[in-house]
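We number each residue from 1, following the sequence as shown. Quick caveat: nothing in here was measured; it's all calculated off a predicted structure.
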Amino acid sequence: MRFMEADQQICDALLPGLREKLAEIPLSELESERSPAIELFRAHGGPNLLVPQGYGGIGATALEAVRVQRALGSVAPSMTVATMMHHFSIGTLYAVADAVGADSGLDDLLLKRVASDRMLVASGFAEGRTNQGILSPQVEAIPAADGYLITGSKKPCSLATSMDLLTASVGIRDEDGNIGMGFLMLPANTPGVSIHPFWSSFALAGAQSHEVRLTDVFVTEEQIIKPDPALAEELDQLQTVGLIWFEMTVCAAYTGIASALVSRVLDRGRGSVAERAALAVRIETAAALTEGLARRVLDEEVDNDGLAQSLVTRFAVQDVVCQTVNQAVELLGGMAYVSSPDVAYLAAASHAIAFHPPSRGSIAAGLVDYYAGNPIVVS
């Protein structure tokens, strides 16, 4: 079996023609702010990859999803990182809908439209504040007649200019003044929603990771899932599942980006046989770790222990990806580096794996506590 053949076969079976179409476009064009990649993803059914079949989607398994993401990451990094957030949002959206039941109005509001319209769903959990946890939003929903008014900023928010729907965390204040996390679902064309430039780096510019501002945005009761003491345990479990899926998709996407450099080394026969073999072993280790996490999800090992293992996997894969990229760039040599921007670009893009939450420093104490016998906590 050729390098990455299994991933490519699954990708081509579930999203026919997408990988080949992307491969026809120069990397510099795919990774630019004007990239056609995200709309190609939509046209080939990519938004429906994880939508349950009962809602008209493809219903890919966790294992199939990570293989698809690795295959696409090796061809179109920005698109894969951006749509990674879509997949995370889709999984959270349908899981929340199942948890809160038919009374929420979600089904009639949008769930049946997501697959039929191939809607792209953006994830607005980050707020661009240093040392702030993704589960502690500062943007608050203020009660108003028949709903809420929301003013604030979410950044960086991938898919900002292509999204059809924004899912986001908002603070909901209870009668005692305590603030819990609510789950917001907002059509992108809602009055008061605006997009502003935020991402200034050339790396992953095609992911459309900009600022989404909410200015006196009115939302109805049905558009926010509020903290409910009766559902607290179930929603906590969904939050755990969502975090596991997030770490899993991060691992898959960046393993794919690093794999693009490994593929170049193997195709060009760079370095000694032993060096090429070692490089392949290293990146396949990252893929195996990611697939191992996907199999945990398939086996429904998505409790607190599963969350801890997802974080261990994430940081192990992060280390392997960075080591692989450094070695691959060295083996490709100076002429490959200076004769085309692709090698330098892939190296720069791959290092962004370190910037996805939670950071290694923020979770260190939690992991040490976990290995001392306590539940792991992600803020």
Apply salt bridge (charged side-chain N to carboxylate O under 4.0 Å, His left out) to Asp319 and Arg360, showing your working. CA-CA 11 Å; Asp319 289 343; Arg360 196 189 300 263; 2.8 Å; yes
For Leu72, does its backbone N or O pair with a side-chain atom of Thr80 as donor and acceptor, under 3.5 Å? yes
Applying salt bridge (charged side-chain N to carboxylate O under 4.0 Å, His left out) to Glu291 and not counting sequence neighbours gives Arg67
Heavy-atom distance under 4.5 Å between the side chains of Tyr345 and Leu27, does that happen here? yes
Please name all residues satisfying side chain to side chain contact (heavy atoms under 4.5 Å, CB included) with Glu5, sequence neighbours left out, ordered by chain then number. Met1, Arg2, Gln9
Residue pairs involving residues 32-53 (criterion salt bridge (charged side-chain N to carboxylate O under 4.0 Å, His left out); sequence neighbours excluded): Glu39-Arg42, Arg42-Asp164
Between Ile25 and Pro36, which heavy-atom pair has the shortest distance, and what is it? CD1-CG, 3.9 Å
Check whether any side-chain heavy atom of Leu311 sits under 4.5 Å from a side-chain heavy atom of Val378, and report yes or no. yes
Would you kindly say whether Ser89 and His87 are connected by a side-chain donor-acceptor distance under 3.5 Å? no
Check whether any side-chain N or O of His210 sits under 3.5 Å from a backbone N or O of Ile195 as a donor-acceptor pair, and report yes or no. no
Which salt bridge (charged side-chain N to carboxylate O under 4.0 Å, His left out) pairs, counting each pair once, include a residue from residues 188-200, with sequence neighbours left out? none
Verify, without hydrogens or angle tests, whether Asn48 (side chain) and Val51 (backbone) share a donor-acceptor contact under 3.5 angstrom. no
Side-chain touch Gln223/Tyr148, heavy atoms, less than 4.5 angstrom: no
Could you tell me if the side chain of Trp245 sits less than 4.5 Å from the side chain of Val302, heavy atoms only? no
Close side-chain approach of Val193 to Leu214, heavy-atom, < 4.5 Å: yes
Compare every heavy atom of Leu165 with every heavy atom of Pro187, then report the nearest pair and how far apart it is. N-CD1, 3.7 Å
What pairs meet the salt bridge (charged side-chain N to carboxylate O under 4.0 Å, His left out) rule with one or both residues in residues 269-279, with sequence neighbours excluded? none
State which residues pass side chain to side chain contact (heavy atoms under 4.5 Å, CB included) with Thr255; sequence neighbours excluded, sorted by chain then number. Arg70, Ser259, Ile283, Ala286, Ala287, Thr290, Val317, Val321
Ser35 and Ser32: side chain donor to acceptor below 3.5 Å: no
Same apolar cluster: Leu159 and Phe355, side chain cutoff 4.5 Å: no
Indicate yes or no for a side-chain donor-acceptor contact from Ser74 to the backbone of Ala260 under 3.5 Å, with no hydrogens or angles considered. no
Point-to-point distance, once rounded to the nearest 0.5 Å, from CG of Leu266 to CG of Leu261: 11.0 Å
Nearest-0.5 Å distance, CD1 of residue Ile353 to CZ of residue Arg314: 6.0 Å
Count I, L, V, M, F, W, Y as connected when their side-chain heavy atoms are under 4.5 Å apart, and connections chain through other members. Are Leu184 and Leu149 then in the same cluster? no
Side chain to side chain donor-acceptor pair (under 3.5 Å) partners for Asp369, two or more places apart: none
Taking Ile142 as the starting point, is it possible to reach Leu166 by hopping between hydrophobic residues whose side chains are less than 4.5 Å apart? no
Would you please name every residue forming a side chain to side chain donor-acceptor pair (under 3.5 Å) with Asp305, sequence neighbours left out? Tyr370
Is Asp267 atom CG crowded by more than 12 heavy atoms from other residues, nucleotides or ligands, each under 6.0 Å away? yes
Is there a side-chain contact between Ser123 and Lys154 in this structure, where contact means two heavy atoms from C-beta onward sitting under 4.5 Å apart? no
Partners of His356 by side chain to side chain donor-acceptor pair (under 3.5 Å), sequence neighbours excluded? Tyr254
In one Ile/Leu/Val/Met/Phe/Trp/Tyr side-chain cluster, 4.5 Å: Phe315, Tyr371: yes
Is it true that a side-chain atom of Gln53 and a backbone atom of Gly59 form a donor plus acceptor pair closer than 3.5 Å? no
By the salt bridge (charged side-chain N to carboxylate O under 4.0 Å, His left out) test, which pairs, at least two apart or in different chains, include something from residues 333-346? Arg264-Asp342
Taking Glu64's backbone N and O only, do any of them form a donor-acceptor pair with Thr61's side chain (distance below 3.5 Å, no angle check)? yes
Between Gly366 and Ile376, which heavy-atom pair has the shortest distance, and what is it? O-CG1, 3.8 Å
For residues Val212 and Phe218: do they belong to one hydrophobic cluster (side chain heavy atoms under 4.5 Å, members Ile, Leu, Val, Met, Phe, Trp, Tyr)? no
Nearest non-hydrogen partners of Ala205 and Ser78, listed with the distance: N-OG, 3.7 Å
Rounded distance (nearest 0.5 Å) linking atom CG of Leu22 with atom CZ of Phe41: 10.0 Å
Report yes or no: do Ser162 and Gln208 form a side-chain donor-acceptor pair below 3.5 Å? yes
Return each pair, listed once, that meets side chain to side chain donor-acceptor pair (under 3.5 Å) where at least one residue sits in residues 11-23; pairs must be two or more places apart or across chains. Asp12-Arg19
Is it true that the side chains of Ser209 and Lys155 contain a donor and an acceptor less than 3.5 Å apart? no
What are the two closest heavy atoms between Val343 and Ala336, and how far apart are they? CG2-O, 3.9 Å
Taking atom CG of Leu204 and atom OG of Ser158, what is their separation to the nearest 0.5 Å? 8.5 Å
Non-hydrogen atoms of Ala115 and Gly57 that approach each other most closely: CB-N, 4.1 Å
How long is the span from the OG1 atom in Thr161 to the CD1 atom in Ile38, to the nearest 0.5 Å? 6.5 Å
May I have the list of side-chain donor-acceptor pairs in residues 322-334 shorter than 3.5 Å, sequence neighbours left out?
from	atom 1	to	atom 2	distance (Å)
Thr324	OG1	Val320	O	2.8
Asn326	ND2	Cys322	O	3.3
Gln327	OE1	Arg282	NH1	2.7

For the residue pair Pro77 and Glu31, establish whether any side-chain heavy-atom pair is separated by less than 4.5 Å. yes
Residues, nucleotides or ligands: over 12 heavy atoms within 6.0 Å of Glu24 CD: yes
Heavy-atom side-chain proximity of Leu14 to Val68 below 4.5 angstrom: yes
Say you draw a straight line from CE of Met79 to CG of Leu40; how long is it, rounded to the nearest 0.5 Å? 8.5 Å
I'd like to know whether Arg173 forms a salt bridge (charged side-chain N to carboxylate O under 4.0 Å, His left out) with Glu140, so could you lay out the CA-CA distance, the side-chain angles of the two residues, the decisive distance to 0.1 Å, and finally the verdict. CA-CA 8 Å; Arg173 193 178 298 270; Glu140 186 175 344; 2.9 Å; yes
Is there a side-chain hydrogen bond (donor to acceptor under 3.5 Å, both in side chains) between Ser359 and Ser362 once you walk through the steps? CA-CA 5 Å; Ser359 67; Ser362 70; 3.1 Å; yes
